[in-house]
Amino acid sequence: MTKKYKIGVVGATGAVGREMVSILGERKFPVECLRLFASEKSVGEKMTFCGKAISVELLQENSFQGEQIVLFSAGGTVSQRFAPLAAEAGAVVIDNSSAFRMAEDIPLIVPEVNPQDVGQYKKRRIIANPNCSTIQLVAVLKPLHDAAGLRRVVVSTYQSTAGAGQKAMKELSEQVVALFNQREIEKRVFPHQIAFNCIPHIDVFLDNGYTKEEMKIVNESRKIMGLPTLRITSTAVRVPVFCSHSESVNVELERKLSVARIREILSKAPGVTVYDDPSKNQYPLAVESTGKDDVFVGRIRIDESVENGFNLWIVSDNLRKGAALNAVQIAELLAEKYI
């Protein structure tokens with residue numbers, strides 16, 4: 001890329017926003033000017049980008065004049081209000097919230113899976129960044145579907161506290177310290193103790209008994225892969241891990257694949273690393289995936305209870321590939337082919 005771009009980041013002081021700023025620098029995105037926006041409490045805070053200190057500005061309705069790409073990671077309410085304003089001002093919005101993901105006229109993009117859909121941004125000048133758990137799931141499922149056709153998918157997620165933000169990570173840390181010092185724990189972010197516990201409840205419960213998080217995984221996976229009738233079900237669990245989400249995935253295919261063939265397919269999939277050697281106790285771990293860009297997959301084995309079935313274990317850093325990196329990769333696609 002020789003052209004440079006005027007970039008904005010909304011929600012710059014949050015966990016994902018900070019990661020977005022860092023990754024823009026790491027990947028040497030061609031930035032002419034970077035502006036950082038946040039709420040009033042963060043105004044004036046200094047953030048470093050490529051060795052330069054940048055002051056955080058107050059997010060306002062007229063903040064977007066001259067911006068070409070604006071990355072949003074400040075929650076759905078902020079996105080619903082300000083993303084259309086940024087689009088009207090001429091920017092292309094890449095939104096990390098769930099506000100626009102299922103809108104028919106807004107593309108939902110994982111660059112390794114459906115880069116051909118990016119051009120649909122022209123309808124509303126908004127691109128949606130998928131749910132973090134969905135991103136790592138479809139990166140693995142899509143090449144398998146292309147090879148043998150997906151029949152049914154069952155996914156159980158083990159999601160880190162980073163998925164609920166910086167306050168959630170702090171709550172885990174504080175509860176661990178409190179328990180070791182025999183003090184009463186405080187619960188502010190989660191409805192139950194998260195330290196040394198698993199909570200099968202992420203987001204609000206819906207009328208069908210699933211949580212909103214679980215249905216995001218179902219509906220977003222169908223949209224991204226272009227499989228509106230895919231049989232897929234999900235259970236989402238919050239676990240006492242600081243960063244990186246793990247998923248246990250059971251897959252049924254239309255045609256049989258051997259374990260060796262599955263490994264071969266996934267080893268060639270963009271953004272996926274196969275880490276799978278049971279004889280050496282090698283399989284993806286949250287602590288080893290944190291800070292890395294790829295989606296890691298292991299524990300690949302045949303499901304002997306069903307025809308053409310097998311199991312997988314998928315792990316990825318939810319702040320990086322599950323949010324910030326995916327958004328920056330979308331921006332790279334825009335810069336390379338569209339704007």
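Relative ring orientation between Tyr158 and Trp313 is described as tilted, the plane-to-plane angle lying within the 30° to 60° band. Below 30°, between 30° and 60°, or above 60°: for Phe64 and Phe82 the angle between ring planes is above 60°, a perpendicular geometry.
A salt bridge is absent between Lys187 and Glu174: the closest approach of a Lys/Arg side-chain nitrogen to an acidic carboxylate oxygen does not fall below 4.0 angstrom. With respect to the salt-bridge test (charged N to carboxylate O, under 4.0 angstrom), the residues Lys6 and Glu67 do not qualify. Between Lys170 and Glu186 there is no salt bridge, since none of the side-chain N atoms of the basic residue sits less than 4.0 Å from a carboxylate O of the acidic one. Of the charged side-chain nitrogens involved, at least one lies within less than 4.0 Å of a carboxylate oxygen, so that Glu61 and Arg81 count as a salt-bridged pair. Using a cutoff of 4.0 Å between basic side-chain nitrogens and carboxylate oxygens, Asp105 and Arg124 are scored as salt-bridged.
Side-chain contact between Val177 and Arg183 is present, with at least one heavy-atom pair separated by less than 4.5 Å. Met102 places a side-chain heavy atom less than 4.5 Å from the side chain of Asn219. Considering only heavy atoms from C-beta on, Val110 comes within 4.5 Å of Pro130 through its side chain. Inter-residue side-chain proximity for Lys337 and Val118 is flagged as unmet; no heavy-atom pair is nearer than 4.5 Å. Residues Ser221 and Met225 have side chains in contact (heavy-atom distance under 4.5 Å, counting atoms from C-beta outward). Annotation: side chain of Glu214 is not in contact with side chain of Val218 (no heavy-atom distance under 4.5 Å). Counting heavy atoms from C-beta outward, Ile109 and Asn114 have side chains that approach closer than 4.5 Å. For the pair Thr48/Ile54, no side-chain contact is recorded, criterion being any heavy-atom separation below 4.5 Å from C-beta on.
Of the possible donor and acceptor atoms, none in the side chain of Ser22 sits under 3.5 Å from a partner among the backbone N and O of Arg18. Of the possible polar contacts, one joining the Ser63 side chain to the Gln60 backbone as a donor-acceptor pair under 3.5 Å is found. With hydrogens and angles disregarded, no donor-acceptor distance shorter than 3.5 Å links the side chain of Glu19 to the backbone of Arg320. Without hydrogens or angle criteria, Gln193 side chain to Ile185 main chain gives no donor-acceptor distance under 3.5 Å. Listed for the Arg125 side chain is a donor-acceptor partner under 3.5 Å among the backbone atoms of Gly90. Judged by distance alone, with hydrogens and angles left aside, the side-chain atoms of Thr211 form a donor-acceptor pair with the main-chain N or O of Ile202 at under 3.5 Å. A donor-acceptor pair is defined here as one N or O able to donate and one able to accept, closer than 3.5 Å; such a pair exists between the side chain of His145 and the backbone of Leu150.
Using a 3.5 Å distance cut-off with no hydrogens or angles, the side chains of Lys321 and Ser316 do not pair a donor with an acceptor. Thr233 and Tyr210 share a donor-acceptor pair across their side chains, judged by distance under 3.5 Å alone. At a cut-off of 3.5 Å, with distance as the only test, a side-chain donor of Asp95 or Ser79 sits close to an acceptor on the other residue. Side-chain polar atoms of Glu213 and Gln159 form a donor-acceptor pair below 3.5 angstrom.
Every residue meeting the side chain to side chain contact (heavy atoms under 4.5 Å, CB included) condition with Arg101, not counting sequence neighbours, appears here in chain and number order: Ser98, Leu108, Ala128, Asn131, Lys216, Glu220. Under the salt bridge (Lys or Arg N to Asp or Glu O under 4.0 Å) criterion, Arg231 pairs with no residue, sequence neighbours left out. Remark: Asp276 engages Arg263, Val274, Pro278, Ile300 in a side chain to side chain contact (heavy atoms under 4.5 Å, CB included) (not counting sequence neighbours). Under the rule for a side chain to side chain donor-acceptor pair (under 3.5 Å), the partners of Ser305 that lie at least two apart in sequence or sit in another chain are Asp303. Take Lys268 and apply the salt bridge (Lys or Arg N to Asp or Glu O under 4.0 Å) test, not counting sequence neighbours, and it matches Glu264.
Rounding to the nearest 0.5 Å places CD of Gln166 at 9.0 Å from CG of Leu319. To the nearest 0.5 Å, the span separating CD on Glu252 from CZ on Arg152 amounts to 6.0 Å. In this structure, CD in Glu57 is found 4.5 Å from CZ in Phe37, a value given to the nearest 0.5 Å. With values rounded to the nearest 0.5 angstrom, Ile314 atom CD1 is found 11.5 Å from Thr157 atom OG1. Rounded to the nearest 0.5 angstrom, Asn326 CG and Glu112 CD are separated by 6.5 Å. With rounding to the nearest 0.5 Å, the separation of CG in Leu325 from NZ in Lys292 is 14.5 Å.
Tested against Asn318 for a side chain to side chain donor-acceptor pair (under 3.5 Å), the candidates Ser289, Ser244, Ser246, Ser160 yield a single pass: Ser160. With Val153 as reference, Val249 is the one residue of Asn250, Leu312, Leu253, Val249 to meet the side-chain contact (heavy atoms from CB on, under 4.5 Å) rule.
Clustering of Ile, Leu, Val, Met, Phe, Trp and Tyr side chains at separations under 4.5 Å leaves Phe205 isolated, with no partner residue.
Across every non-hydrogen atom of Cys243 and Ala286, the tightest pair is O-CB, 3.8 Å. The two residues Val16 and Ala323 have their closest heavy-atom pair at CG1-CB, 3.7 Å. Pairing each heavy atom of Ile126 with each of Pro107, the nearest pair is O-CD, 3.5 Å.
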Check: Hey, mind stepping through Phe296 and Tyr283 against side-chain contact (heavy atoms from CB on, under 4.5 Å) and telling me if it holds?
Finding: CA-CA 8 Å; Phe296 296 87; Tyr283 32 73; over 6 Å; no
Note to self: Run the side-chain contact (heavy atoms from CB on, under 4.5 Å) test on Ile127 and Asn129 for me, step by step, so that the C-alpha distance in whole Å, both residues' side-chain angles and the decisive distance to 0.1 Å come before the verdict.
What the structure shows: CA-CA 7 Å; Ile127 299 172; Asn129 208 37; over 6 Å; no
Notebook entry, point to check: Passes side-chain contact (heavy atoms from CB on, under 4.5 Å), Cys50 versus Lys52? Steps please.
Noted result: CA-CA 6 Å; Cys50 294; Lys52 179 182 178 182; 5.8 Å; no
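Within a 6.0 Å radius of CZ in Arg299, no more than 12 heavy atoms belonging to other residues, nucleotides or ligands are found.
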